[in-house]
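Written out below as structure tokens is the structure these notes cover.
Just the heavy atoms: all of them, side chains too, but no hydrogens, waters or symmetry mates, feed the values below.
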Amino acid sequence: MNALRRHQFAHPKPAETFLGDTATTCGCDAQLVRPVLVEALSPRSLRACMKCGSVTCSEARGDDGRYTGRSCVVHVLIEHSSHVMRWIAQWPRVKVIAHEALWFMHPSLVRTERVYAPAQLRCGTPSRLDEQEARLMIEQTGLTMRDRLVRCGFPTEAPPANLPNDFSIFAKVWNDLQLTPESDPEHLLDRAYASSAIAADLLVQRTDALNLLDRALRTGRQDSALAMLRAGSPAPPDLATTLIDALGAIPMTPSPNVPDRISQRHRMEVLLLMIAERKLSSPAMSAALRALMRKVARHDATLVSCIRIVLRQLEAPAP
């Protein structure tokens with residue numbers, strides 16, 4: 001017997017609890033289940049039942065059917081301490097409404113709307129839950145993410161010291177909620193770069209928001225700039241020129257990991273999204289995008305498709 005087998009016999013795997021095709025342990029209607037705060041904790045998920053209030057952490061395992069043609073998914077219960085689960089259970093439940101993506105992009109770039117429900121909300125039927133979420137959507141229209149979470153309620157105490165890595169996003173959001181518009185702008189820009197909608201909302205509220213947006217664009221923090229624009233930041237008058245210059249400055253260095261892609265493809269995608277979402281249509285922008293398309297054609301065909309989509313968006317006739 002080799003050393004590996006001796007180790008496996010000496011340290012058997014703990015018994016696992018399989019939940020079947022549902023992600024909760026309560027047995028209530030699956031249509032009454034909602035994620036807690038975030039859509040997923042890849043590869044795990046945290047789901048709450050809106051009828052009985054139970055919260056379950058599970059991991060989906062199975063076959064997506066890519067090679068067999070038959071998909072099969074089973075959820076496995078992931079155990080955590082009761083203290084941690086009590087803290088987690090105080091966060092709002094969320095319903096995510098994703099906008100149609102302009103092209104196949106990283107999930108963090110897809111525009112979404114989130115409707116938050118208080119942890120105390122209980123609904124006995126799916127139709128009742130739909131009614132409550134429709135009401136909450138109306139009430140939360142125009143509110144920042146921070147205002148929505150404050151209105152719904154979140155843990156007042158700091159994250160537990162033994163909070164597992166699975167739940168690190170909850171600690172980050174809790175810390176973001178302690179920030180204010182007067183917090184260090186560099187820290188706010190760093191957090192917005194990490195896709196923190198709360199930090200982006202706070203940046204937009206500052207009197208120097210335009211200067212910070214311009215700084216983010218000129219220092220390569222395009223994710224922070226995109227987050228600020230989506231949070232409602234006013235666009236500087238020279239935004240189109242700045243974006244044209246930023247696109248032209250991206251080197252065509254090949255990616256070392258992905259064939260026929262450039263290494264800074266993410267940066268270019270984010271800049272193209274800003275142009276499309278802000279509808280920065282002008283003859284100069286169209287000419288710049290066509291020149292960029294010719295420049296990129298030999299290096300990254302996927303980005304050429306993205307540029308073509310943005311051009312169609314900008315040049316489409318007004319309805």
Side-chain angles (χ1 to χ4, degrees), residues 98-113 185 189-190 192-195 197 200 203-204 206 208-319:
H99 290 233
E100 184 178 357
L102 289 177
W103 56 79
F104 182 78
M105 62 185 68
H106 191 277
S108 65
L109 295 180
V110 179
R111 292 198 69 168
T112 58
E113 294 180 27
L189 283 170
D190 287 341
Y193 191 87
S195 301
L203 284 166
V204 171
R206 293 176 58 96
D208 58 348
L210 279 178
N211 291 335
L212 290 172
L213 176 60
D214 185 68
R215 186 196 305 178
L217 286 168
R218 297 185 186 280
T219 57
R221 295 175 173 177
Q222 64 282 337
D223 290 82
S224 300
L226 177 63
M228 289 183 68
L229 289 173
R230 286 179 170 177
S233 174
D238 59 345
L239 177 61
T241 302
T242 302
L243 293 177
I244 290 173
D245 292 343
L247 284 169
I250 296 176
M252 297 294 104
T253 308
S255 170
N257 303 316
V258 185
D260 301 320
R261 301 298 310 268
I262 63 172
S263 59
Q264 296 197 33
R265 59 190 182 278
H266 174 83
R267 180 182 174 190
M268 185 174 289
E269 279 192 75
V270 176
L271 295 171
L272 291 171
L273 276 175
M274 292 186 209
I275 295 170
E277 293 182 4
R278 282 286 167 149
K279 302 188 186 313
L280 301 176
S281 178
S282 69
M285 179 62 74
S286 294
L289 290 177
R290 284 191 163 81
L292 180 66
M293 192 159 52
R294 291 191 294 271
K295 176 183 177 181
V296 175
R298 293 179 297 165
H299 308 277
D300 196 318
T302 303
L303 281 175
V304 170
S305 299
C306 299
I307 299 169
R308 189 175 289 116
I309 290 170
V310 174
L311 274 169
R312 284 201 298 266
Q313 290 274 327
L314 299 182
E315 298 177 351

Hey, does the side chain of K295 reach the backbone of G248 with a donor-acceptor pair shorter than 3.5 angstrom?
yes
Looking only at heavy atoms, the pair that brings R278 and A235 closest together is NH1-CB, 3.6 Å
Rounded distance (nearest 0.5 Å) linking atom CG of L272 with atom CG of L102
10.0 Å
Between NE2 on residue H99 and CD on residue E277, distance to nearest 0.5 Å:
9.0 Å
Point-to-point distance, once rounded to the nearest 0.5 Å, from CE of M105 to OG1 of T302
12.5 Å
Checking L273 against E269 for the side chain to side chain contact (heavy atoms under 4.5 Å, CB included) test, could you report, in this order, the C-alpha distance in whole Å, the side-chain angles of both residues, the deciding distance, and whether it holds?
CA-CA 6 Å; L273 276 175; E269 279 192 75; 5.6 Å; no
Applying side-chain hydrogen bond (donor to acceptor under 3.5 Å, both in side chains), name anything that partners Q264, two or more places apart in sequence or on another chain.
R267
Look up atom CD1 in I250 and atom CZ in R265, then write down how far apart they are to the nearest 0.5 Å.
12.5 Å
Nearest atoms (heavy-atom pairs only) where L189 meets A216:
CD2-CB, 4.2 Å
Would you give the length of the straight line joining atom SG of C306 to atom CG of D300, rounded to the nearest 0.5 angstrom?
8.0 Å
I'd like to check the side-chain hydrogen bond (donor to acceptor under 3.5 Å, both in side chains) partners of D245; sequence neighbours left out, ordered by chain and number.
none
L203 side chain near S233 side chain, heavy-atom distance below 4.5 Å:
no
Enter the distance from R215:CZ to L213:CG here, rounded to the nearest 0.5 Å.
11.5 Å
Indicate yes or no for a side-chain donor-acceptor contact from T253 to the backbone of S263 under 3.5 Å, with no hydrogens or angles considered.
no
Determine whether L303 and W103 make a side-chain contact, defined as any pair of heavy atoms from C-beta on separated by less than 4.5 Å.
no
Distance-minimising heavy-atom pair for S224 and A192
OG-C, 3.8 Å
If I compare all heavy atoms of M228 with all of A209, which pair ends up nearest, and what's the gap?
CE-O, 3.6 Å
Donor-acceptor pair, side chain of T112 and main chain of A98, under 3.5 angstrom
no
Main-chain N/O of N211 paired with D208 side-chain donor or acceptor, under 3.5 Å:
no
Check whether the side chains of Q222 and H266 place a donor and an acceptor atom closer than 3.5 Å, and report yes or no.
no
Considering residues, nucleotides and ligands other than D260, do more than 12 of their heavy atoms fall under 6.0 Å from its CG?
no
